[in-house]
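Reading through the structure tokens given below for one structure.
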Amino acid sequence: MATWRLLATTTVLATALSACGGDSDNDPTPVDPPVITPESISLQLLGRYKSGQFDASAAEITAYHAGTKRAFVVNAQKGAVDVLDLSDPANPVHADTLTTESIGEGTVVNSVAVHGDLVALAVEAPTKTDQGHLALYDASTLQLISTTSVGAQPDMVTFTPNGQYVLLANEGEPSDDYSVDPEGSISVVDITDPASPQENTADFTGFDDRKDELLAAGVRIYGPGASVAMDLEPEYIAVSTDSGKAWVTLQENNALAIVDIAGAKVTNIVALGAKDHGEDGNGLDVSDDDGAINITTWPGVKGLYLPDAIAAYPSGDATYLVTANEGDARAWGEDNAAYFGTEDAVPCDGDVTQGFVEEWRVKHLVHANGFDRRCGDDLPAHLRALAAGALLNPETFSYCGATAGDPGTCRDDEKLGRLNITWTEGYRTDEAGNPVMFNEQGLEDANGDRLMYDNLYAFGGRSFSIWDEQGALVWDSGDAIEQFLAGDECMLGSNRDIPCKDFFNSNHDEGSALESRSDNKGPEPEGLTIGQIGDKHFLFLGLERMGGILVYDITDPAAPIFQDYLNTREDWTTEDPSTVEAGDLGPEGLVFIPADQSPNEEALLIVGNEVSGTTAIYRVESKLAD
């Protein structure tokens, strides 16, 4: 194998062709450089911009404008966008800041995208449940061109490849006490005239009378008192190469929405289902308190994909979708004591009008003494309104000692006890969807006050998945990410000299945090982007908690090939990483720059790191066959 920089190789070959007469006076027809397809690729840290803000989301979503050689990075700490000069990508320099004060005092930027010479910002209102805005800027002058109103809490913005439309995922999260829950939607904004954008809304109101159908299919619709349109929360958007269709992750709902762009219409909602962590290849480490890496299968435990970022790419005559299966729980009113009730109150007096929290540990859910022992601490009021306690199906969970009325050792910390799951599903229901009740002895009893959990549903797949354009699963990485992080080949730091297994499943804002995320979504894949080099498509996947970027060749969607992993966090032991130059922590937004648009004529990757507040620039090294 020989390692070459892709553009340099292309230039050498083009020069050789020219010398052979391909572009001589005798043959004036220009000869395009041949397309060079690498055998594999890897990453190398090239440069870094430091905002100086730690754990304040000072570097999130990233975009790039080739004409000015500038990166645009959402700085949530400022509520604005940092503009970085990348003329020398090894030494990024802060050039300017895009603010939205002229749009409205207290507005904040959630996302940024660039197409041609336009910059688009997704702007959230001071009260997140109010309508947001799309703001368009000139990429060269940074002057505001226009604004238009969109739905509540626009969380992601992107252009269609043809540049005719800007799409925004309007997440529409509820207020903390769930008293206000705006409808989720997708804004489809025609920017044929950027000075006068025309907004249309692809909403979900047409599905309000199809709730039972969606629930039966597996779409999670469970917010208190919410219609379908209110409950669905668009997160991230991918667009087809012909600009005709969009796919939108509905993260908390574990589903995809398919959108006809020209018609601004949601044509379908597809449930993504769950992976079976009891199957070989789908294992996971479930405890942050056992002092050892233990990736194993757990029958009865399911993983809800709950994807965040999504991207589309062509393969053959079809389009495929890639998702980062982060996982996300609804947790509103967490700081409101009234929601969790008064200590020692029996029955617990938590107020269901003061929030909604779906996440709970297995050890608290299936304690033989029921729920009220957690009153005034972390007992979700909605769960207590449903039942007084819960049991595990003794057939499914017999491997950890569960019997009809006793969880056995299943709730031990070194087994399933520490795992965070959703209490909202997995318990036995009748045909109408109502819980089937049991007594304390584990016998079905209409007068009983116990739920029976046949399965436990954890958050996120700890994986990335590839789907076809109808939302059918083509491939999933299973437990490959955790297995790699636990293996001998995985190394951390820009010099790749720190064993990953020494800090397996660490958290991004702690030092010496071995396994601290094993109980809760593991390495947490969140952001991704796809880059094409030659005839191949490569996935760049950010691990939010463990950090670092995984690289896969996904040219064949049914058989991705691992390429590289680079984690440029340098300090893993200082208890408070904010007190040292720790490197890059918490990758959020990624953008690939092909060599022909790059400031240094090399393929690059830009990554915003929300915890360290750094923007990292990586060189994408191509390896060619001998």
Side-chain angles (χ1 to χ4, degrees), residues 43-65 68-99 108-112 114 119 121 142 492-498 503 506-511 513 526-527 529 540 542-549 566-593 598-600 602 604-620:
L43 295 177
Q44 177 185 348
L45 180 65
L46 180 62
R48 177 186 291 132
Y49 170 74
K50 304 173 185 177
S51 70
Q53 298 293 321
F54 187 89
D55 207 10
S57 298
E60 291 190 330
I61 307 305
T62 57
Y64 175 74
H65 180 239
T68 58
K69 300 179 181 179
R70 289 170 171 167
F72 294 81
V73 183
V74 172
N75 185 329
Q77 188 268 338
K78 293 180 180 177
V81 173
D82 286 329
V83 183
L84 307 182
D85 181 355
L86 294 189
S87 298
D88 177 6
N91 297 285
V93 178
H94 187 273
D96 212 328
T97 301
L98 280 179
T99 66
V108 295
V109 181
N110 285 338
S111 184
V112 61
V114 171
V119 179
L121 304 186
L142 303 182
L492 304 168
S494 54
N495 292 327
R496 304 177 191 254
D497 55 1
I498 305 169
F503 302 98
S506 286
N507 203 6
H508 51 28
D509 58 359
E510 301 174 291
E526 180 182 19
T529 192
F540 302 90
L543 305 182
E544 181 184 8
R545 299 291 177 161
M546 183 70 184
I549 309 300
L566 181 59
N567 188 325
T568 48
R569 176 178 177 178
E570 311 296 348
D571 185 296
W572 291 82
T573 58
T574 302
E575 183 176 352
D576 181 359
S578 69
T579 63
V580 295
E581 293 288 340
D584 302 302
L585 292 79
E588 175 88 3
L590 302 84
V591 62
F592 173 79
I593 306 175
S598 167
N600 66 350
E602 298 175 331
L604 302 176
L605 182 72
I606 304 175
V607 180
N609 297 281
E610 62 174 337
V611 175
S612 57
T614 56
T615 302
I617 316 299
Y618 298 99
R619 176 186 290 122
V620 181

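Given the structure is predicted, the values throughout are model-derived calculations rather than measurements.
- Of all heavy-atom pairs spanning A616 and L45, the tightest one is CB-CD1, 4.3 Å.
- For NZ of K78, the number of neighbouring non-hydrogen atoms (other residues, nucleotides, ligands) closer than 6.0 Å is greater than 12.
- Proximity of a side-chain donor or acceptor of E526 to a complementary backbone N or O of G542 within less than 3.5 Å is not detected.
- Considering every non-hydrogen atom in both H94 and D82, the closest pair reads NE2-OD1, 3.2 Å.
- Nearest approach of G613 to A59, heavy atoms of both residues: C-CB, 3.8 Å.
- When the side chain to side chain contact (heavy atoms under 4.5 Å, CB included) test is applied to V611, the partners found at least two apart in sequence or on another chain are F54, D55, H508, D509, L585.
- In this view, P92 and Y49, L86, I617 satisfy the side chain to side chain contact (heavy atoms under 4.5 Å, CB included) rule, not counting sequence neighbours.
- Of the inter-residue distances, the one linking L43 atom CG with L46 atom CG reads 11.5 Å to the nearest 0.5 angstrom.
- Counting heavy atoms from C-beta outward, T97 and V81 have side chains that stay 4.5 Å or more apart.
- Separating the CG atom in D584 from the CG atom in N609 is a distance of 4.5 Å, to the nearest 0.5 Å.
- Between the side chains of D576 and T579, no donor-acceptor pair of N or O atoms lies under 3.5 Å.
- The shortest heavy-atom contact between V607 and T62 is C-CG2, 4.2 Å.
- Using a 4.5 Å heavy-atom threshold, the side chains of R569 and M546 count as separate.
- Counting heavy atoms from C-beta on, the side chains of I549 and L590 come closer than 4.5 Å.
- Listed by chain and number, the residues in a side chain to side chain contact (heavy atoms under 4.5 Å, CB included) with Q53 are S51, A56, A58, Q77 (sequence neighbours excluded).
- No side-chain heavy atom of V114 sits less than 4.5 Å from a side-chain heavy atom of Y64.
- The two residues S87 and P599 have their closest heavy-atom pair at O-CB, 4.2 Å.
- Residues P587 and G547 come closest through the heavy atom pair CD-CA, 3.8 Å.
- Applying the salt bridge (Lys or Arg N to Asp or Glu O under 4.0 Å) criterion to R545, with sequence neighbours excluded, gives E524.
- Using a cutoff of 4.0 Å between basic side-chain nitrogens and carboxylate oxygens, R70 and D85 are not scored as salt-bridged.
- Contact of the I61 side chain with the E588 side chain is registered, since non-hydrogen atoms from C-beta on lie closer than 4.5 Å.
- Every residue two or more places apart in sequence or in another chain that forms a side chain to side chain contact (heavy atoms under 4.5 Å, CB included) with N91 is listed here: D88.
- Ring-centre distance between F540 and F592: below the 6.0 Å cut-off.
- Atoms OG1 and CD, from T573 and E575 in turn, are 10.5 Å apart once rounded to the nearest 0.5 Å.
- Two residues are said to be in side-chain contact when any heavy atoms from C-beta on lie closer than 4.5 Å; V591 and L605 fail this criterion.
- Here the side chains of V73 and L84 are in contact, with some heavy-atom distance below 4.5 Å.
- Once rounded to the nearest 0.5 Å, the distance linking CG of L492 with OG of S506 reads 8.5 Å.
- Between Y618 and T568 the shortest side-chain heavy-atom distance falls below 4.5 Å.
- Scanning for salt bridge (Lys or Arg N to Asp or Glu O under 4.0 Å) contacts around K69 gives an empty result, with sequence neighbours left out.
- If you take CD on E570 and OG on S612, they are separated by 11.0 Å, rounding to the nearest 0.5 Å.
- Listed for the T615 side chain is no donor-acceptor partner under 3.5 Å among the backbone atoms of G608.
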